[in-house]
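A, B, ... follow the sequence lines: proteins, then strands. Residue 1 opens every chain.
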Amino acid sequence: MEEVLKSLNDQQRNAVLHTDGPLMILAGAGSGKTKTLVTKISYLIEQKGISPFKVLALTFSNKAAREMRDRIATQVSSDAGALSVTTFHAFCARVLRSEAQYIGLSRNFTIYDTSESKAVIKQVLSRHGISTKELSPYEVLNYMDGLNNLGYYVGIEDEEDFDIDRSDPFFAYYNEYTNELRKSNAVDFGGLITGVLHLFEKFPDVLTKYINRFDYILVDEYQDTNRAQFKLLNYLSKAKRNICVVGDEDQSIYSWRGADIRNILEFEENFPEANVMKLEQNYRSSRNIIEAASSVIARNTHRKGKEMWTSNPTGEEIEVIECFNEKEEAEFITNTIISLSKEGNPTREMAVFYRTNAQSRTIEDQLRRANIPYRVVGGVKFYERKEIKDMLAYLRVIVNSKDSLAFSRIVNVPSRGIGATTLRKLENVAIRDGVSLPEIVETVVDNPSDYKDMKLSAKVRSSLGTLANMYVEARLSDSSGKLPSEIYESVLHESGYLDSLKARKDYESQARIENLEELSSAIKQYETSTQKPDLGGFLETVTLDTSNNEDMGMDLGEVSLMTIHGAKGLEFNHVFLCGVEENIFPSIRSLEEFQDFGLEEERRLFYVAMTRAMKKLYICFAQGRMLYGQLKFNGPSRFINEIPNKYYTWRKVGKISGSSSNSWDDMDDEYDDFNQEQEFDSEEKTWVVSRNQPESKYKTGSKVIHSLYGEGSVIDSEGFGPDEKVTIRFKDGVNKKFMVKFAPLTLI
DNA sequence: CACCGTTAAGTTTTT
DNA sequence: CTTAACGGTG
C-alpha cells in the first residue's frame with residue numbers, strides 16, 4: 001500500500017487520502033482516474049480498516065466495473081469479493097429484486113431492453129389506432145426516456161417539478177406503457193433507476209436500510225450520470241456524506257442520453273462542504289497532443305475548467321491529412337498502417353475512429369484488401385440476434401409467468417399453427433380475466449371446457465398444450481435447482497426451434513445454430529461463475545451485460561475500428577480520426593437540433609478522440625465524399641481550424657498530392673468553380689454537386705444589420721458556409737453569437 | 001403466412 | 001448508397 005501511495009502524484013494522493021466527506025475529483029483524460037479510484041478503495045480497506053461490505057462503487061459499464069474489481073483485487077489482501085463494484089443498473093436491479101414486493105413487482109421480474117420497450121410502445125400505439133408510419137415508437141421512447149432520466153415515475157410526490165403536460169398524448173402513452181410493464185412484471189432500463197427512487201421515497205425504512213448498509217460511495221464517470229442517478233446518489237449519501245465522484249465534464253458525450261452536466265456543476269451546491277480536486281497531469285499523450293486538445297476544448301463555455309499538462313515529450317506533430325475522397329482516405333490510412341507496422345509499431349496499438357458507424361465500411365474494404373487484420377468494436381450485438389432473442393424469450397416465459405411480450409414472441413416460433421387470430425383471442429381473454437398471456441394459456445389448457453366460447457380448434461389447443469407444458473415443467477425444474485444449461489438444451493429441442501433451423505439448409509441457418517451453441521456455452525460459463533445458478537440469474541446478466549466478449553478472442557494484432565463514443569476510456573499509440581468534415585463532425589443534426597449545446601458536445605467528442613492518442617494523431621478528411629448516394633463537398637471540420645497551427649502539419653495525399661503548401665483556403669481558387677451547382681466529372685461519372693461556400697462571408701470588422709437587434713459589427717467568426725457562426729457586438733454593447741444560416745443578418 | 005418489392009430515411013448507444 | 005420496415009401478393 002505504501003508503495004502504491006508513493007507511486008501517485010500529489011493530486012492523486014490527496015484525492016486518495018481524502019476519505020471522509022463529499023469529494024468531487026475532476027480528472028482530465030489520461031490523468032490516472034481509475035488508478036486513483038482503485039487506490040482509494042484499497043486505502044479505505046487496508047489502511048482505514050473499512051469493511052469491504054460497506055463500500056459501494058458505481059460505474060456505467062460492466063467493463064469498467066470488471067476492470068475496477070480486478071484491479072482492486074490485486075491491491076487488496078482482504079476479501080475484495082465483498083465489495084459492491086457494479087453498474088448503476090445492476091445495483092438497482094439487485095435492490096429491486098430484494099424489495100420488489102414494496103412496489104408491486106415480484107422478484108423474478110423481467111428486464112426489458114430497448115427493443116422490447118419499443119415493442120410494447122408499438123402495442124400501445126396500435127391500440128390507439130396509430131401506425132408506426134404516423135408516429136415512430138422511437139419518438140415515444142425518447143419522450144419516456146426523458147421522463148426516466150429526470151427521475152420521474154408514476155405516483156411521484158413532487159410531480160409539479162417535472163413540468164408535464166398532462167394533456168400531451170405522449171404522456172398518456174407513457175402511462176399505458178408503464179401499466180403494461182407492470183402487468184408483465186417487467187421493468188425497463190430507466191425503470192430500474194426510477195423504481196429504486198420510488199422505493200426510497202415512499203418507504204423510508206427501506207432507504208434507511210441501504211443508507212446503513214453503505215458507508216462509502218464512489219462513482220466513476222460522474223459526468224455521464226443523469227438526473228435520476230443523481231437523485232439516487234443523493235438518497236444513498238445524504239446522511240453519511242461520504243461520497244466521492246470522479247468525472248470529466250470535457251468528456252461528457254452522452255447528454256443526448258440524459259447525462260446532465262448540472263450534476264457536475266451543482267455538486268458543490270448540493271454538498272456545500274464538498275472538496276473539489278483536479279487531476280490535471282496527463283500520463284498518456286505527447287505534449288503536442290495534450291496542448292492541441294486543451295486549446296480546442298478551451299472554447300467550450302459549459303465547463304469547470306482544467307489545465308491539462310504533461311511531462312511527456314513533445315512528440316510528433318499532429319498531421320491533418322487532406323484526401324481526395326473517402327476511398328483515398330481509407331487508402332492513406334491503410335498505407336500508413338502498413339508503413340508504421342514495418343517500422344515496428346504494433347498494429348494492436350493503432351485505431352481508426354469515425355463519427356458514425358456507416359463510415360467503417362470504406363475503411364474495412366481497404367484494410368481487407370491489404371490483408372490487415374482488424375476488428376470493428378460495436379456493431380451487431382450477440383444478444384440482439386434474432387435466434388438469441390427467441391431462445392431468451394422462451395427462458396423468460398419460464399422465469400416470469402407474466403411476461404406476455406416474450407410469450408407472443410415465441411408462441412408461433414417455430415410455426416406451430418398459432419396465428420394472429422388465436423393470439424388475438426388469447427389476448428382478449430387475458431385482458432378480461434386480468435392475467436398475462438402465459439397464464440391464460442395455462443388456464444385454457446387445463447380447463448378447455450370453460451373456454452369453449454373461444455372456439456379454439458383441437459389442433460390449436462394441442463399446440464398450446466404442448467407449449468404450456470413445456471414452460472410449466474421447465475419452471476418447476478428451474479426452481480428445483482436443475483442447471484440452466486440443461487433446461488436450455490431441453491427447451492431448444494422440445495420447442496422444435498433447433499429442428500426448424502436444421503431443416504433449412506442455408507448458410508444463415510447454419511450460423512444461427514452456431515450462435516445458439518454459443519448461447520449454451522455462455523450459460524455454462526455463467527453457471528461456473530455463480531454459487532446458485534438459475535435461469536433468472538442468467539437472464540439478468542444477459543440483459544444488463546451486453547458487452548460483446550470481444551476481448552476474449554486471441555490477440556491477432558488487429559487494428560481497432562470504432563466510433564468515437566466507443567473509444568472513450570481507451571488509448572492507442574496511433575490514432576486515425578477520419579471523416580473530419582463539416583456536417584459529419586460536427587454532425588449536422590446535433591447542430592440543427594441543439595445548436596450551441598450540440599456544438600459543444602461535438603467538440604467534447606473531438607476532444608475525446610484526440611486524447612486517445614498516445615504518440616501520434618492523424619486527422620483525415622476528404623474533399624468529396626459519397627454520402628447517401630450523393631457526392632458531398634463538406635469541407636474540413638471547423639474543429640481542425642480550432643487547433644492552433646503550431647501543433648499540426650497539413651498534408652495532401654493521393655490524387656491531389658504534389659502541392660504541399662496547404663490549407664483548404666489555398667484551394668479556394670480551384671473550388672470557386674463549385675460554388676454553384678455544377679457538373680463534376682470524375683472517373684467517367686458525372687455527378688451533380690453542390691458545395692458549401694468555402695469562405696467566411698462575415699469578416700471581422702464588417703458591419704451588419706440584424707433585423708431584431710439592429711446594427712452591429714462582427715468581432716469573431718468561425719466556420720464557413722451555412723455553418724458559419726459569427727459573434728456580433730451590437731450598438732448597446734451586447735455580444736451575441738449567431739449561426740449565419742438562421743440569423744436574419746444583412747451586410748452593410 | 002412467408003416472401004418480395006416498394007418506400008423512406010439516414011448520429012452517437014455504457015444499461 | 002444502404003437498410004429497415006411496411007404492405008401487397010403467391
### Summary
note: A/Tyr383, atom OH; B/dT14, atom C1'; distance rounded to Å ~ 17 Å
### Task
Could you tell me if the ring centre of A/Phe88 sits under 6.0 Å from that of A/Phe60?
yes
### Message
How long is the straight-line distance from NZ of A/Lys63 back to OG of A/Ser61, given to the nearest 0.5 Å?
### Response
7.0 Å
#### Entry: From CA spacing to verdict: side-chain hydrogen bond (donor to acceptor under 3.5 Å, both in side chains), A/Ser252, A/Glu249
CA-CA 5 Å; A/Ser252 165; A/Glu249 78 272 21; over 6 Å; no
### Message
Can you give me the first and the last nucleotide of DNA chain C (5' to 3') that has an atom within less than 4.0 angstrom of a non-hydrogen atom in chain A?
### Response
C/dC1 to C/dC6
### Task
Just jot down the side chain to side chain contact (heavy atoms under 4.5 Å, CB included) partners of A/Asp403, sequence neighbours excluded, or say none.
A/Thr110, A/Tyr112, A/Arg396, A/Asn400, A/Leu405, A/Ala406
### Query
CG of A/Asp113 versus C1' of B/dT14: gap in Å, rounded?
15 Å
Identify all pairs in which a protein N or O lies below 3.5 Å from an N or O of nucleotides 1-8 of chain B, and state each distance.
residue	atom	partner	partner atom	Å
B/dC1	OP1	A/Asn412	ND2	2.2
B/dC1	OP2	A/Ala420	N	3.1

### Query
How are the rings of A/Tyr235 and A/Phe200 set relative to one another: parallel (under 30°), tilted (30 to 60°) or perpendicular (over 60°)?
perpendicular
### Task
Find the distance A/Leu539:CG to B/dT15:P and express it as a whole number of Å.
17 Å
### Query
Rounded to whole angstroms, how far apart are CD on A/Glu221 and P on B/dT15?
12 Å
### Task
Look at the rings of A/Tyr153 and A/His198 and say which category their plane angle falls in: under 30° parallel, 30 to 60° tilted, over 60° perpendicular.
parallel
### Query
In whole angstrom, what separates A/Asn62's CG from B/dT13's P?
17 Å
### Query
Distance between the P atoms of C/dA5 and B/dT12, in whole angstroms?
15 Å
Name the pairs: protein N/O against N/O of nucleotides 9-12 of chain B, kept only if under 3.5 Å.
residue	atom	partner	partner atom	Å
B/dT12	OP1	A/Asn357	N	2.9
B/dT12	O4'	A/Arg355	NH2	3.1
B/dT12	O2	A/Arg355	NH2	2.5

### Message
Just verifying a value: how many Å separate A/Asp596 CG and A/His302 NE2, rounded to the nearest 0.5 Å?
### Response
7.0 Å
### Task
Mind calculating the distance between CG (A/Asn142) and P (B/dT13) to the nearest angstrom?
15 Å
### Task
Give the C-alpha distance, both sets of side-chain angles, the deciding distance and a yes or no for side-chain hydrogen bond (donor to acceptor under 3.5 Å, both in side chains) between A/Thr225 and A/Asn263.
CA-CA 7 Å; A/Thr225 49; A/Asn263 294 355; 3.0 Å; yes
### Query
Got a sec: does the CZ of A/Arg127 have more than 12 other heavy atoms crowding it under 6.0 Å?
yes
## Note on the structure
From NE2 of A/His89 across to C1' of B/dT15 the rounded distance in Å is 4 Å
### Message
Could you work out, with salt bridge (charged side-chain N to carboxylate O under 4.0 Å, His left out) as the rule, every residue matching A/Lys389, not counting sequence neighbours?
### Response
A/Asp113, A/Glu116
### Message
What is the separation between atom CG on A/Leu544 and atom C1' on B/dT13, rounded to the nearest whole Å?
### Response
15 Å
### Query
Residues two or more places apart in sequence or in another chain: which of them pass salt bridge (charged side-chain N to carboxylate O under 4.0 Å, His left out) with A/Asp365?
A/Arg368
